[in-house]
Amino acid sequence: MRLWLMKSEPDVFSITDLERLGQSIWEGVRNYQARNWMREMRLGDLVLFYHSNATPPGVVGVGKIVREAYPDPFQHDPKSDYYDPKSPVNEPRWSAVDLGFVERFPREVPLEAMKADPGLLGMKVLEKGSRLSVTPVDHAHFVWVLGLGGSALTLPT
DNA sequence: GCCAACGTTGGC
DNA sequence: GCCAACGTTGGC
């Protein structure tokens, strides 16, 4: 199983929305590196759910991959904000996955606390200037964030 | 609202 | 293929 972090602006889609819906398409990724990582996601992979442009920004819970990468339907919808007229219909450029709700942390893990924590040294999302909305997460870092969030989850080894 | 960091676009 | 211009992200 691989482990990931995905960013979402809570004004657009929050952990509360995911909890209410149970699962949701994760659409609108329009960055090639993020897309490539989404294509490597497999059923059951766990995802740290990160609120960006939030007060405070940070990890708020966990999701899991419930459907592997498929063409993002919004790329061909002219009415969508995610419309990409350059994406060939017969060879779609952008992918989506479906994310299921796993848990909301008993306490949020603010970005500031993560940056200050030696246990998370080297974590991609903490690197200066990191704007990628999808990043892989080391097993040790994932477990550490679970601890900071007060999660009762245990990962398969 | 500012702006640093970074990705993409398109002229040449 | 270079790179200036432009657009976006996201913390602050």
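In this text, all values refer to a predicted model and were calculated from it rather than measured experimentally. In what follows, every chain begins at residue 1, and chains take the letters A, B, ... in the order their sequences are listed.
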Exercise. Scan Val137(A), Val62(A), Leu146(A) and name whichever one has a side-chain contact (heavy atoms from CB on, under 4.5 Å) with Leu46(A).
Key: Val62(A)
Practice problem: Let me know the distance between CD of Glu9(A) and P of dT9(C), rounded to the nearest Å. | Solution: 7 Å
Quiz prompt | d(CG, Asn31(A); P, dT9(C)) in whole Å | solution = 9 Å
Exercise. Counting heavy atoms from C-beta on, name the nucleotide in dC12(C), dT9(B), dA5(B) closest to the side chain of Lys86(A).
Key: dT9(B)
Quiz item: Taking OP1 and OP2 of dT9(C), is either one under 4.0 Å from a side-chain nitrogen or oxygen of Tyr50(A)?
Solution: no
Self-check item: Rounded distance in Å - CG (Asp81(A)) to P (dT9(C))
Solution: 11 Å
Quiz item: dC6(B) P sits how many Å from Lys124(A) NZ, rounded?
Solution: 14 Å
Quiz item: The side chain of Lys7(A) lies closest to which of these nucleotides: dA5(B), dT8(B), dG10(C)?
Solution: dG10(C)
Quiz prompt | Worked check of ring pair (Phe, Tyr, Trp, His ring centres under 6.0 Å) between Trp4(A) and Phe49(A) | solution = CA-CA 9 Å; Trp4(A) 311 92; Phe49(A) 196 112; over 10 Å; no
Exercise. Could you tell me which non-hydrogen atom of Pro71(A) sits nearest to which non-hydrogen atom of Gln75(A), and how far apart they are?
Key: C-NE2, 3.9 Å
Self-check item: Out of dC12(C), dG7(B), dT8(B), whichever nucleotide has its closest atom nearest the side chain of Leu111(A)
Solution: dC12(C)
Quiz item: When the distance from CZ of Arg131(A) to P of dG7(B) is rounded to whole Å, what number comes out?
Solution: 6 Å
Self-check item: Protein-nucleotide distance (Lys128(A), atom NZ; dC12(C), atom C1'), rounded to Å
Solution: 13 Å
Self-check item: Nearest-angstrom distance from the residue atom CG of Leu132(A) to P of dT8(B)
Solution: 10 Å
Quiz item: Once you round it to whole Å, what is the distance between C1' of dA4(B) and CG of Asn53(A)?
Solution: 14 Å
Quiz item: Phe74(A) and Arg30(A): which non-hydrogen atoms are nearest, and at how many Å?
Solution: C-NH2, 4.0 Å
